[in-house]
Amino acid sequence: MKDNGNMNSEIRSDAAVPKTPAGSAVLPLDSSFTVEVTGWYRDNRRNLPWRQDKDPYHVWVSEIMLQQTRVEAVRDYYQRFMQALPTIEALAEAEEEQLLKLWQGLGYYNRVRNLQKAARQILQNPSAEEVSVDPSVTGFASAGFPRTMPEILALPGIGEYTAGAIASICFDQRTPAVDGNVLRVMARLTEEEGDVKSTPVKRSFTELLADLYPDTDCGDFTQGLIELGALVCLPNGQPRCEMCPVSGFCRARAAGRVMELPVKAEKKTRRQEQRTVFILSCGGRLAVRRRPKGSLLGNLYEFPQVSRHLTAGAAVSQAEAWGCHPLDVTRSKQYKHIFSHVEWDMIGYYINCGSEGPGETFRWVSREQLEEEIPLPSAFQPFCPE
């Protein structure tokens, strides 16, 4: 579970916290470290909707949603998703438009497509057994979910981290789940000077943690490490070392280097692109169209747009070329949207039209349809008429 430290609960200050001033001897990472992490987690864990049980479906969906998204932002998405698609079977049978609408705003839409592919793969496996990992769990939501790390890894869209989280949390297996929070915690604990995003460093942390896992309650250790990174060993600011239950084990703290770690390679410069967006309205309806499959935001809807900046006059000419008979430009709006690898510098023109043009060019929808039915990516949301 990835998070940037947004807290919704107070960390208990009455718990015994090892105090290790900078320059002091550092405790070895052994079973006592594991005990400290799991005990702290049980006292301080946040009350999150996907932690109400150990159902693999719930943990799986939440972990995919939480990738590069803050916990507080995911809460409503998760609850809405589970209300609409409460079981793996419901996910497998959902229409793509419903699926994309439920995911609208989270980005990385291939992730939800892979969720559905994996759900269908699970249901097609005749040897898969029905799961009931806890007396309070019926197994209905997760019927047929694989139980071993290799089987979980074989599902579309699931990598080492997500598979490790599911196997440890749901099936009590000694499988590390190393996300950004855990990388940061481990880099500071071990005073690691290598790039934490590199494969060798990730592998070394995974191997080290595998030896530290307890025989039981593996999920508490997994989530404890993640929670430490989210609530205490913070990124982009001063870590809360005075409240850390494992500060006595931290080499970076002892060396006075906490703010220097972890080490990360510089990010590549994003490509810059110009876009002109057309908010075409006719008779109270707005023009949208599907983006090409295989493209960025493929098969999602967009307001019509072209890959360059146009003047208002040129925008009117383009609307005329589409056969929409533009009447007037009511206003314009500028907006920048940042993807992981590209930045769109966008200008939008609001144009009243006298005709919807040829039927195959656009789909014309009401504002209610746009809000409730049409999966419109967040890149275009700022242009929705108020």
Side-chain angles (χ1 to χ4, degrees), residues 1 48-50 52-69 73-126 128-133 137-146 151-159 162-163 165-166 170 288-302 363 365-381 384:
M1 176 175 63
L48 302 173
W50 46 89
Q52 303 310 305
D53 55 47
K54 296 181 180 180
D55 190 306
Y57 180 51
H58 300 160
V59 174
W60 172 37
V61 171
S62 70
E63 290 296 347
I64 299 300
M65 286 186 171
L66 286 160
Q67 292 175 16
Q68 296 170 293
T69 307
V74 166
R75 283 177 181 269
D76 289 344
Y77 281 103
Y78 173 83
Q79 291 171 327
R80 187 164 57 248
F81 193 95
M82 285 299 162
Q83 184 176 9
L85 306 174
T87 66
I88 289 179
E89 185 176 22
L91 170 59
E93 295 176 352
E95 296 291 334
E96 184 182 53
E97 198 159 295
Q98 179 193 20
L99 203 63
L100 296 175
K101 186 65 177 178
L102 289 168
W103 206 261
Q104 179 179 299
L106 285 172
Y108 302 95
Y109 288 88
N110 278 339
R111 291 175 181 170
V112 73
R113 292 188 177 104
N114 281 330
L115 273 173
Q116 186 173 63
K117 289 179 184 177
R120 291 171 175 171
Q121 182 172 313
I122 290 169
L123 296 180
Q124 289 170 358
N125 184 359
E129 61 179 302
E130 186 162 319
V131 172
S132 183
V133 297
V137 180
T138 65
F140 177 59
S142 293
F145 202 97
E151 290 174 323
I152 298 170
L153 273 171
L155 296 174
I158 291 187
T162 304
I166 293 170
C170 304
V288 295
R289 67 182 180 187
R290 279 195 187 273
R291 290 182 57 78
K293 287 185 178 181
S295 67
L296 179 63
L297 305 176
N299 218 36
L300 293 162
Y301 282 91
E302 66 175 1
R363 177 178 174 182
V365 299
S366 67
R367 296 191 184 189
E368 290 75 16
Q369 286 178 294
L370 190 63
E371 181 177 342
E372 298 173 8
E373 301 173 17
I374 302 298
L376 189 74
S378 56
F380 298 99
Q381 288 288 330
C384 289

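Keep in mind it's a predicted model, so treat the numbers as computed, not measured.
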Sequence-distant partners of Glu373, salt bridge (Lys or Arg N to Asp or Glu O under 4.0 Å), two or more places apart:
none

Let me confirm one number: the CG-CZ distance from Leu100 to Arg113, rounded to the nearest 0.5 Å.
5.0 Å

So, does Lys101 use its side chain to make a donor-acceptor pair with the main chain of Glu371 at under 3.5 Å?
yes

With rounding to the nearest 0.5 angstrom, report the CD1 to CG distance, Ile158 to Asn114.
9.5 Å

Which atoms form the tightest heavy-atom contact between Trp50 and His58, and what is the distance?
CB-O, 4.1 Å

In Å, rounded to the nearest 0.5 Å, how long is the span from CG of Leu99 to CG of Leu91?
6.0 Å

Is Gln369 reaching over with its side chain to a backbone N or O of Ile374, donor-acceptor style, under 3.5 angstrom?
no

Do you know which two heavy atoms are closest between Pro56 and Ile166, and how far apart they sit?
CB-CG2, 4.4 Å

Among Leu123, Leu115, Val61, exactly one meets side chain to side chain contact (heavy atoms under 4.5 Å, CB included) together with Ile88. Which residue is that?
Leu123

Quick check for you: to the nearest 0.5 Å, what is the distance between Arg80 atom CZ and Leu85 atom CG?
11.5 Å

Search all heavy atoms of Ala118 against all heavy atoms of Trp60 and return the closest pair with its distance.
CB-CZ2, 3.5 Å

Side chains of Gln68 and Tyr108 in contact at under 4.5 Å (non-hydrogen atoms)
yes

For Ser62, is there any backbone N or O sitting under 3.5 Å from a side-chain donor or acceptor partner on Tyr77?
no

If you measure from the Lys or Arg side-chain nitrogens to the Asp or Glu carboxylate oxygens, is any gap between Arg363 and Glu97 under 4.0 Å?
yes

Can you tell if the side chain of Phe380 reaches within under 4.5 Å of the side chain of Val288, non-hydrogen atoms only?
no

Please assess Gln104 against Leu300 for the test side-chain contact (heavy atoms from CB on, under 4.5 Å), listing each intermediate value before the final yes or no.
CA-CA 9 Å; Gln104 179 179 299; Leu300 293 162; over 6 Å; no

To the nearest 0.5 Å, tell me how far Cys384 SG sits from Leu370 CG.
4.5 Å

side-chain hydrogen bond (donor to acceptor under 3.5 Å, both in side chains) filter on Glu302, not counting sequence neighbours, yields Arg289, Arg291, Gln305

Compare every heavy atom of Arg120 with every heavy atom of Ala92, then report the nearest pair and how far apart it is.
O-NE, 2.8 Å

